[in-house]
Amino acid sequence: VTADPEPAPEPEAPRPLPRFNTGPSFSARLVTSMEETSTPEEIAAGTPVVTSAVPFAAGALDRLGAYRIGPLAAVVDGVGGLCGGLAVLPRWVVTSDITLRTMAAARVGPLHCEARVLRAGRTSVVAEVTVVDRGADDLSVAVALVTSAALEPAGGPPRWERPVVLRDRRAHPSPDADVPLLEWMGARPRRWGGVELDLGPELLNPWGILHGGVTTTLVDEAAARAVADVTGRPAVATSMSLGFLAPGRKGPITAVGRLAGPLVEGVEAVARVEVRDTGADDRLLSVALVTVRP
Amino acid sequence: VPDAAADPAVPPARSPYPPDRHVLRDLQVTGIHRDGRRWSEIPVVPAILEHDGAPSTGVIGILVDIAAGSTAITAAIPDWCATASLDLRLQRLPADHGRLRAEASVLRKGSTTVVLEVVVTDALVCDGQAGPCAWSSLIFSIMPRRAGNLTVRDEEGEFAMGLAQSGFSTTFAAGVGLEVLDAATGHVALPITDEARNSFGALQGGLHAVVADAAAAALGAQLLGAPVRTTDLAITYLAQGKVGPVATRAVPLRIDAGTALVRVEVRDEGTGRLMSIATATTATRVPAPTPSPSPEPPGAPT
């Protein structure tokens, strides 16, 4: 067990959001729109509903053509976070943890996500996100719970016109959409297991810290490698429970997975993954428990 | 453990919580804070064993929650806290003898939450025959201390909750009044008695795990046509349940060979409020204890 001896600071209070998907950002590779579909009654009641369209970018698929859980968690983080944030306005949110379970492989696309608020409290908000594969007769693909901390942004909350509609007006898919996401991120294998990457501006979220979706994508890869390194065969992560502990600011960022228990033929394994900012005294950024199918 | 960590040489005055008849006393939970480490233990007794002869996943959930809770509450002093989420992953079947130990570590303490990790070990770990039997991660929400919250002392010591009359005369499930009413819908019922409340007067957090485990296992067995064990359980706590009875409803999310992924809603029927949502994997086959397969690579940096 690794404990952070120095309590990590609270994530910085967010600043107003920049325009949606205007640069070569991580989010822009995955999501083309996020749209509030709440009724006026739901807006008034503080129980917003947000949906998101997710094109089937080849770079986010595994070797069998299924959408990987890491980028899926990234999408879920975005849509669940927006939904949670709208529920606690004029405060805003940062994600504190995600629990994601896949129900079936998404192989056709596009994907459709829908987020609903289950509870909005004084300090936190919980949103449930469901994901279906539109191209496979709305096959249920995943369900997730996204818990976010509600904060008082120093510069005030993002200024939204309700209902919120965010659309990326650029052509999709982007010319390099087929480049594997990990390669585009600049992730590379570590000598002693796991993966690492340098922290470029395209990997930051609107608050200027490591994008949560980059974290989930690294965790997915590190967990799969932890199993594959033992079996010698590719492995697929099928569920993920991840806590965000501290913001990543410097890099390189590492994600290292270890098997948490015995590996038994025909039984899914569990990997425990740590994400650290090696440029910031090896600060522990995230811990995840990931179920992996060998 | 509230009021638990006192000088072991001086018996502490009996805390108002838990009352003499309480599930934590019947499980004979012992909280230990020694050499800077914190853990909780229970003896493995026949009453807590499942069909496969190992302690139930729900009871492990109680142990994990109390171990993490007592650590989180101490970390949150002078404030108080409550469980916000619990994720429990079983690695293998725990031993059917000896003691189960849950050791908690704080990963992060912020102004609104405490994030912890818990490692569960058993007699086989003590004997060097296996690695940990479960891992858990939990988040506790920090709340301002209110009148009525228990006094907590951050001191080393050992606090045994079991009393002379504590224990289960039948099974754990019967002892807490847990009933499976309809396996096909994952309908499980549990009364909220004083024996099942936390110090807020609401259903103890670990008992959410117990009912979610029971509901998932009931539906999982129905779906797979064989007895199952809940191998992982992720609970998000939404509201306190103070009236009862608690009722669950479960639906299948995914069915594979030998496993069923299930979503469980836990509701307070007395108020209609949704208390928690859980997802759980149930399996007909669970790894038996074997030596840990994940050694550090030779020469790896520590």
Side-chain angles (χ1 to χ4, degrees), chain A residues 1-4 7-11 96-97 99-104 118-119 121-124 126 128 140 142-145 147 149-151 191-193 226 229-230 238-239 241-246 257-264 266-272 284 287-291 293, chain B residues 75 84-85 87 89-92 103-113 115 117-119 130-137 139 141-143 231-232 234 236-239 253-254 256-259 261 263 274 277 279 281 283 285-294 296-297 299-301:
Chain A
V1 177
T2 305
D4 209 355
E10 290 291 333
S96 55
D97 73 283
T99 299
L100 173 66
R101 308 271 201 171
T102 57
M103 297 151 65
L118 296 179
R119 179 178 68 82
R122 185 178 57 82
T123 59
S124 67
V126 180
E128 186 171 44
S140 292
V143 62
L145 290 172
T147 303
L151 306 171
R191 184 179 177 194
W192 301 114
D229 287 348
V230 175
T238 58
S239 83
S241 175
L242 180 146
F244 294 100
L245 306 175
R258 300 263 185 255
L259 280 178
L263 197 58
V264 176
V267 178
E268 290 187 331
V270 176
R272 178 182 179 277
L284 184 61
V287 173
L289 293 173
V290 184
T291 303
R293 185 170 297 161
Chain B
S85 69
D87 190 301
R89 310 267 175 148
L90 220 61
Q91 309 305 312
R92 60 169 172 84
E103 180 165 353
S105 306
V106 173
L107 294 180
R108 174 178 181 268
K109 193 269 174 184
S111 61
T112 59
T113 59
V115 183
E117 187 169 57
V118 177
V119 180
C133 46
W135 291 73
S136 183
S137 58
I139 298 178
S141 296
I142 298 175
M143 301 175 295
T231 55
D232 67 57
T236 298
Y237 295 79
L238 302 172
L253 298 178
R254 189 183 79 211
D256 296 323
T259 66
L261 175 64
R263 179 183 187 273
L274 186 59
I277 286 185
T279 49
T281 303
R285 187 171 162 229
V286 183
T290 58
S292 174
S294 184
E296 293 288 320

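Just so you know, these numbers come straight off a predicted model, no measurement behind them. Each chain gets a letter, A, B and so on, in the order the sequences are listed, and its residues count up from 1.
Counted by atom type alone, R254(B) and S239(A) present zero donor-acceptor pairs between their side chains at under 3.5 Å.
Of the atoms belonging to T259(B), not a single heavy atom falls under 4.5 Å from chain A. For R122(A), the part lying under 4.5 angstrom from a heavy atom of chain B is the side chain only. Proximity to chain B is limited to the side chain of T99(A), based on heavy atoms less than 4.5 angstrom apart. Interface residue L238(B): backbone and side-chain heavy atoms are both found under 4.5 Å from chain A.
Rounded to the nearest 0.5 angstrom, T279(B) OG1 and L145(A) CG are separated by 6.5 Å. To the nearest 0.5 Å, the span separating CG on D256(B) from CD on E268(A) amounts to 7.0 Å. Interatomic distance, OG of S136(B) versus CG of L289(A), reported as 8.0 Å (0.5 Å rounding). Taking CG of D97(A) as the start and OG of S137(B) as the end, the distance is 8.0 Å to the nearest 0.5 Å. Interatomic distance, L284(A) CG to R108(B) CZ, rounded to the nearest 0.5 Å: 11.0 Å.
Between L253(B) and M103(A) the shortest heavy-atom distance is O-CB, 3.4 Å. Nearest approach of Q91(B) to A260(A), heavy atoms of both residues: OE1-C, 3.3 Å.
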- Item | Pair T291(A)-D232(B), side chain to side chain contact (heavy atoms under 4.5 Å, CB included): steps then yes or no | CA-CA 9 Å; T291(A) 303; D232(B) 67 57; 4.1 Å; yes
- Item | Verdict with supporting geometry, L118(A) and I277(B), side chain to side chain contact (heavy atoms under 4.5 Å, CB included) | CA-CA 9 Å; L118(A) 296 179; I277(B) 286 185; 3.4 Å; yes
- side chain to side chain contact (heavy atoms under 4.5 Å, CB included) between V119(B) and R272(A): does it pass, once the steps are laid out? CA-CA 12 Å; V119(B) 180; R272(A) 178 182 179 277; over 6 Å; no
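With contacts defined as side-chain heavy-atom distances shorter than 4.5 Å, the pair T281(B)/R101(A) qualifies.
When the candidates D229(A), V267(A), V126(A), V270(A) are compared by the number of heavy-atom contacts under 4.5 Å with chain B, V270(A) comes out ahead.
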